[in-house]
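The structure appears right after this line, and notes come after that.
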Amino acid sequence: MSRTRIVAVRGRRVWDSRGRPTVEAEVELACGATARAIAPAGASTGSLEAIDRRDGGARLGGLDVGGAVAAISDEIARALSGLDAADQEAIDARLIELDGTPQKARLGANALVATSMAVAWAAAAAHGLPLWRWLGGAEARTLPLPEIQILGGGKHAAGRLDVQDFLLVCPGAESFAQALEWTAEVYHAAGALLAEAGRLQGVADEGGFWPAFEGNEQALELLLRAIERAGLRPIEQVAIALDVAASSFGRAGRYRLAAEGRELDTAGMIELLSGWIERYPIVSIEDPLAEDDGEGFRAFTARFRGRVQIVGDDLLVTSAERVRRASAEGWCDTVLLKPNQVGTLSETRAAFEAARAAGMGAIVSARSGESEDVTIVHLAVGWGVPQLKVGSFARSERMAKWNEALRIEEALGRRARFAGAAALVRRR
Ligand code: PGA
Ligand code: ZN
């Protein structure tokens with residue numbers, strides 16, 4: 001322990017991929033190892049998420065993080081000083097106890113998650129190991145199936161499309177590297193098709209193309225054509241995943257689809273998605289209904305379980321307790337894991353373990369506000385989470401993560417395994 005004793009913790013303000021302030025934590029150990037990590041930030045956040053602490057007021061849109069940064073350098077630094085960075089559970093328990101609120105509102109989940117991640121990196125560095133190896137030991141050798149955004153909508157593109165993410169998955173790829181190569185072909189084909197049609201408006205927050213379309217189905221149509229133009233076979237090699245992020249436009253059983261110019265009830269939403277599942281090679285749907293519509297989730301899952309993977313994001317907010325409830329109530333079959341939704345690595349891990357115990361699938365996910373931080377890639381490989389969602393195939397805060405996975409795949413060499421089609425929770 002003496003080598004991995006924490007001797008200093010510092011917070012600093014850095015900037016995220018949307019040009020907004022965010023929190024970085026830096027941890028120093030007795031052996032001299034230092035490490036740092038940066039908190040991400042969401043835009044389509046679930047109402048039960050841990051609180052991203054911001055200063056408020058007029059400056060920087062109220063989004064400055066002076067309070068969270070000070071919390072790291074003062075209170076958190078004092079509380080963690082002398083503790084063993086190699087004991088992540090004890091560190092995280094101390095952070096949770098120190099904050100003392102159910103949603104980490106006092107110190108801020110951004111302060112907590114940056115610290116929790118930086119401690120993990122520091123412990124790995126003290127042992128001379130990459131984080132994935134420190135977390136997973138010799139068993140860690142599976143590269144996750146990536147879900148990569150091709151088109152962006154929802155809150156990441158000023159509501160131009162209602163559906164937030166139109167993503168590509170490559171279940172037929174043989175390696176992570178091949179999945180990225182296929183994705184690159186589809187991404188560029190989609191951009192070219194949009195430009196040819198005069199429908200390219202720019203890129204959305206996660207790097208996906210932002211199309212000027214009148215309806216959501218046009219985006220599905222375009223993605224299918226991009227797959228064909230790239231010369232790939234739908235379902236067999238590549239397929240479509242959606243993050244509807246329905247909490248962004250649905251409440252109390254009413255769904256206001258701006259791009260469609262209509263309002264649907266829960267049954268109408270399920271019918272709309274059912275038509276898409278019939279007509280397009282869709283294998284996964286995240287947040288098909290809003291976070292307050294557990295009954296809708298249950299009805300959707302009863303109907304489509306086995307046919308498509310059904311993922312809970314805003315509904316589950318990376319909470320082990322809500323994952324257990326989802327399993328008991330039949331809400332969905334797969335859990336999205338976002339460390340900053342809950343605040344610490346140990347709690348994120350607990351949500352994953354709860355999913356595993358319930359026979360549910362899992363996806364580690366980035367946020368729409370990101371940075372060069374690559375911690376989530378190491379969590380996926382180290383913990384053996386079979387899927388990874390990072391955003392699109394452009395912008396360096398996204399590419400940093402995809403490229404890190406390539407390095408890990410290379411480091412594993414012939415021992416590397418690719419999660420592939422088996423990662424998806426569905427019948428083949
Ligand atoms: P967010 O969206 O990071 O803006 O909340 C990502 C997602 O919904 O998966
Ligand atoms: Zn989501």
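For ligands, and for the atoms within them, numbers begin at 1 and follow the listed sequence. Note that these values count all heavy atoms, side chains included, but never hydrogens, waters or copies made by symmetry.
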Review point. For Arg279 and Glu217, what are the C-alpha separation, side-chain angles and deciding distance, and is it a salt bridge (charged side-chain N to carboxylate O under 4.0 Å, His left out)?
Key: CA-CA 10 Å; Arg279 293 190 289 281; Glu217 195 163 345; 2.9 Å; yes
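Here is the list of ligand 1 atoms found below 4.0 Å of a heavy atom in Gly42: 1 (P), 3 (O), 4 (O), 5 (O). Residue contact check: Asp313 has heavy atoms under 4.0 Å from atoms 7 (C), 8 (O), 9 (O) of ligand 1. Residue Asp243 has at least one heavy-atom neighbour below 4.0 Å for each of these atoms of ligand 1: 7 (C), 8 (O), 9 (O). Atom numbering of ligand 1 starts at 1 in the shown order; those under 4.0 Å from a heavy atom of Glu286 are 9 (O).
For Arg18, no nitrogen or oxygen atom sits less than 3.5 Å from a nitrogen or oxygen atom of ligand 1, counting backbone and side chain alike. At least one N or O atom of Ala43, backbone or side chain, sits closer than 3.5 Å to an N or O atom of ligand 1.
Contact analysis puts Ser44 in contact with ligand 1, with a non-hydrogen atom separation below 4.0 angstrom. The closest approach between any non-hydrogen atom of His156 and ligand 1 is below 4.0 Å.
Residue Asp99 comes nearest to Gly108 through the heavy atom pair OD1-N, 4.0 Å, listed as atom of the first residue, atom of the second, then distance. Of all heavy-atom pairs between Phe300 and Ile270, the closest is N-CD1, 4.0 Å.
Atom 9 (O) of ligand 1 has its closest protein heavy atom at Lys389 NZ, 2.7 Å. Looking at atom 3 (O) of ligand 1, its nearest protein heavy atom turns out to be Ser368 N, 2.8 Å.
Counting only protein atoms, the N, O or S atoms lying less than 2.8 Å from the Zn ion (ligand 2) are Asp243 OD2, Glu286 OE2, Asp313 OD2, ordered by chain and residue number.
Salt-bridge annotation for Arg251 and Glu291: absent, with no side-chain N of the basic residue lying under 4.0 Å from a carboxylate O of the acidic one. Ion pairing between Glu409 and Arg141 fails under the 4.0 Å rule for side-chain N and carboxylate O. Using a 4.0 Å cut-off between charged side-chain N and carboxylate O, Glu329 and Arg322 make no salt bridge.
The structure places CG of Leu167 at 9.0 Å from CD1 of Ile148, a figure rounded to the nearest 0.5 Å. Considering CG of Leu272 and CG of Leu264, their distance stands at 6.0 Å, rounded to 0.5 Å. In this structure, CZ in Arg303 is found 9.5 Å from CG in Leu273, a value given to the nearest 0.5 Å. Interatomic distance, CD of Glu174 versus CD of Gln237, reported as 10.0 Å (0.5 Å rounding).
Considering only residues two or more places apart in sequence or on other chains, Arg133 meets the salt bridge (Lys or Arg N to Asp or Glu O under 4.0 Å) condition with none of them.
If you check each of Glu370, Arg367, Gln164 against atom 5 (O) of ligand 1, the one with the closest non-hydrogen atom is Arg367.
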